[in-house]
Engineer: 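Structure provided below as structure tokens; questions to follow.
Counting starts at 1 for both ligands and their atoms, in listed order. The chain is numbered in sequence order, starting from 1.
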Amino acid sequence: MPLDYPTDPVHPLAAVTHAAPYDYYRRLAEGPSWRFDASLDCWLATGRAGVEAVLDHPACRVRPLGLALPHNLAGTPCGAIFAELVRMNEGERHAVPKQVLAHALGQVDLARLHARTLHLAQAQLPGSAARLNGAIFELPLFAVADLLGFAPAQWPALAAWTRDFVACLSPLSNGAQLAGAQVAAYALLQGFGRLLREADALPGSLVGKIVVEADAVGWQASGGLLANLVGLLSQTCDATAGLLGNAVVALRTQADLLPQLRATPPLWPVMLREVSRHDPSIHNTRRYTAEDVEFNGVRVPAGQMIVVVLASACHDAGGQVAPGFGHGRHVCPGQSIAHAIATACLQAWADGLEDMPLAWTYLPSLNARIPVFSNGEIA
Ligand code: HEM
């Protein structure tokens, strides 16, 4: 083993931003599917079988029992959004909005989305590492804001507010970031409120379609529409930036990739799917047991947190389908949209990035792998 061989991550949460975590994830997938991790004081679900069993289990919930909202968000604009997100709910408050969102997102014209994003990304070529760091967040958010029906002049503010808002979802955020998240949450609610009032005038937009579908199933009556529209931007934010950034890393580390893609352009979406599997942006998610649960003879008591190590399932030799976009009732409804956007951005930027000296580390995070680039040779 070379002296500079990176040591294993100390646990799955540290693996997210580790330079080379995938042998470790592979070994996790080969080990027991469910185990207690004393260093994190919680359970781990690993490999495809472990991950899918937890995500399928009705008693494995997205929030701890009796704590629908984190205490520090109660009575705040962030709390008003968080409490309604499909991502953070179970039962009817999850199923009805999820059906509407998934159906509306499923109808998006992906070829048109790709063409519009390609056009936008070509107009904003990132000419430096610093610009690239901004662009991997901005372009996907601009593309989704466009899809929703916002005018171009509104996109930069929406993107900035979304990045500030998602700070309230991370346990790593400090007081100043949490305060910024509240200001951003308020601004996003106002912005989407205005857009909703105009939705009648925007019949072709994604918001227009969601409103029609929500009315049809009586969702608006139960509230939450506004919050879940904000949720479409917040779910796009870190995850798609990570996919795009990790795809840039793939182009930099695999010299034969760009010539192949130039020779055979239909391979671009294939390459993005492979990045989603091999170097995914979302490495884990969490579930909480609402009652005692048994997995193949392993008993997990009620009230426990389970870290569901999606990245280990992506590297499970026995896995057919990689759950980088989740699995089961909370599976991501935005996968095709994320891939269309990331493909377009990468196609627009690949030539310009080819000769740019780039090094990278990863943004601090417990679940999202998002490169942060600097000028320099490959480390
Ligand atoms: C590369 C980009 C993306 C990745 C890797 C990703 C990944 C995920 C994952 C893993 C989940 C499930 C979380 C869990 O079960 O705990 C999820 C949920 C979700 N995602 Fe994505 N996502 C991406 C992009 C998007 C985009 C572009 C949208 C919308 C435009 C979106 C909308 C959602 C929504 C609404 C949920 C909640 C679904 C539910 O709880 O039922 N995602 N995503």
Side-chain angles (χ1 to χ4, degrees), residues 16 45 51-52 54-57 60-63 81-82 84-108 110 113 117 136-137 139-148 162 166 169 206-207 209-210 224-225 227-247 269 272-273 275-288 305-311 313-314 322-346 365 367-370:
V16 174
V51 162
E52 290 189 359
V54 170
L55 296 181
D56 277 334
H57 204 292
C60 295
R61 310 271 173 84
V62 288
R63 293 292 304 155
I81 297 173
F82 189 106
E84 297 289 348
L85 291 176
V86 288
R87 170 71 187 79
M88 301 299 175
N89 277 284
E90 304 284 3
E92 201 176 328
R93 280 159 79 96
H94 167 253
V96 175
K98 175 65 177 282
Q99 183 198 337
V100 170
L101 294 178
H103 192 250
L105 291 174
Q107 288 180 317
V108 166
L110 295 173
L113 172 64
T117 310
I136 60 173
F137 281 94
L139 261 293
L141 290 170
F142 286 7
V144 175
D146 181 35
L147 207 56
L148 285 163
T162 305
V166 297
L169 306 173
L206 183 55
V207 161
K209 286 184 187 139
I210 291 174
L225 185 56
N228 277 290
L229 292 174
V230 174
L232 293 181
L233 285 183
S234 64
Q235 291 290 147
T236 298
C237 187
D238 284 3
T240 316
L243 171 60
L244 201 39
N246 295 335
L272 262 298
R273 279 201 295 278
V275 172
S276 285
R277 187 199 67 80
H278 176 78
D279 192 16
S281 56
I282 302 299
H283 278 208
N284 63 65
T285 185
R286 291 165 193 219
R287 291 295 186 268
Y288 303 85
M305 182 171 93
I306 306 176
V307 172
V308 182
V309 190
L310 301 168
C314 289
F325 287 82
H327 169 83
R329 61 191 183 277
H330 284 279
V331 71
C332 178
Q335 176 166 359
S336 307
I337 288 175
H339 274 163
I341 292 171
T343 301
C345 291
L346 211 57
S365 172
N367 75 329
R369 184 171 182 82
I370 310 171

Engineer: Just by modelled atom types, is the Ile370 backbone N or O under 3.5 Å from a matching donor or acceptor in the Asp238 side chain?
Structural biologist: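 No, the answer is negative, given that no donor and acceptor are paired below the 3.5 Å cut-off.
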Engineer: Identify, for atom 38 (C) of ligand 1, the protein heavy atom at the shortest distance, and state residue, atom and that distance.
Structural biologist: His330 O, 3.5 Å
Engineer: In ligand 1, which numbered atoms sit nearer than 4.0 Å to a non-hydrogen atom of Gly326?
Structural biologist: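 Under 4.0 Å from Gly326, ligand 1 has these atoms: 10 (C).
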Engineer: What is the nearest protein non-hydrogen atom to atom 1 (C) of ligand 1, stated with its residue, atom name and distance?
Structural biologist: Ala239 O, 3.4 Å
Engineer: Heavy atom to atom 30 (C) of ligand 1, shortest distance: which of Asn367, Thr236, Leu147 holds it?
Structural biologist: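 When every heavy atom of Asn367, Thr236, Leu147 is considered, Thr236 comes closest to atom 30 (C) of ligand 1.
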Engineer: Which residue holds the protein heavy atom closest to atom 5 (C) of ligand 1, what is that atom called, and what is the gap in Å?
Structural biologist: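 Looking only at protein heavy atoms, the one closest to atom 5 (C) of ligand 1 is Ser281 OG, 3.5 Å.
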Engineer: Within the side chain of Asn246, is there an N or O that forms a donor-acceptor pair under 3.5 Å with the backbone of Asp279?
Structural biologist: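 Side chain of Asn246 to backbone of Asp279: a pair is present.
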Engineer: Minimum distance, heavy atoms only, to atom 28 (C) of ligand 1: which one of Gly334, Pro97, Ala95, Gly328 is it?
Structural biologist: Gly334
Engineer: For Ile282, counting its heavy atoms only, list the atoms of ligand 1 lying under 4.0 Å from any of them.
Structural biologist: 5 (C)
Engineer: Does any N/O atom on His94 come nearer than 3.5 Å to any N/O atom on ligand 1?
Structural biologist: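 Yes, at least one N or O pair falls under 3.5 Å.
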Engineer: Just let me know how His327 lines up against ligand 1, side chain, backbone, both or neither, with a heavy-atom cut-off below 4.0 Å.
Structural biologist: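 It is neither part, as no heavy atom is under 4.0 Å.
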Engineer: Is there at least one pair of N or O atoms, one from Arg87 and one from ligand 1, spaced under 3.5 Å apart?
Structural biologist: yes
Engineer: Can you tell me which residue and heavy atom of the protein come closest to atom 19 (C) of ligand 1, and the distance to 0.1 Å?
Structural biologist: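 In this structure, atom 19 (C) of ligand 1 has Gln235 NE2, 3.4 Å as its nearest protein heavy atom.
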Engineer: Are the side chain of Glu90 and the backbone of Val62 linked by a donor-acceptor contact shorter than 3.5 Å?
Structural biologist: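 Answer holds: yes.
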Engineer: Polar contacts were defined as any N/O atom of the residue lying under 3.5 Å from an N/O atom of the ligand; does this apply to Arg286 and ligand 1?
Structural biologist: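 Among all N and O atoms of Arg286, none is under 3.5 Å from an N or O of ligand 1.
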Engineer: Quick one: which ligand 1 atoms are inside 4.0 Å of a heavy atom on Ala338?
Structural biologist: 1 (C), 2 (C), 24 (C)
Engineer: Where's the contact between Thr285 and ligand 1, heavy-atom distance under 4.0 Å: side chain, backbone, both or neither?
Structural biologist: side chain
Engineer: Which atoms of ligand 1 are found less than 4.0 Å from any heavy atom of Leu243?
Structural biologist: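 Checking each atom against Leu243, I get 1 (C).
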Engineer: Using a strict 4.0 Å cut-off to heavy atoms of Arg329, name the atoms of ligand 1 that fall inside it.
Structural biologist: 41 (O)
Engineer: Can you establish whether the number of heavy atoms outside Glu92 located under 6.0 Å from its atom CD is more than 12?
Structural biologist: no
Engineer: Identify the protein heavy atom lying closest to atom 33 (C) of ligand 1, giving its residue, its atom name and the separation to 0.1 Å.
Structural biologist: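 Atom 33 (C) of ligand 1 sits closest to the protein heavy atom Pro333 CD, 3.3 Å.
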Engineer: For atom 6 (C) of ligand 1, what's the nearest protein heavy-atom neighbour? Residue, atom name and distance, please.
Structural biologist: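 Protein heavy atom at minimum distance: Phe325 CD2, 3.6 Å.
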Engineer: Considering only heavy atoms of Arg287, which atoms of ligand 1 have at least one such atom less than 4.0 Å away?
Structural biologist: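 Those atoms are 14 (C), 15 (O), 16 (O).
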Engineer: Which bit of Gln335 is near ligand 1, meaning a heavy atom under 4.0 Å away: side chain, backbone, both or neither?
Structural biologist: neither
Engineer: Under 4.0 Å from ligand 1, counting heavy atoms only, is it the side chain of Cys332, its backbone, both or neither?
Structural biologist: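 It is both backbone and side chain that touch ligand 1.
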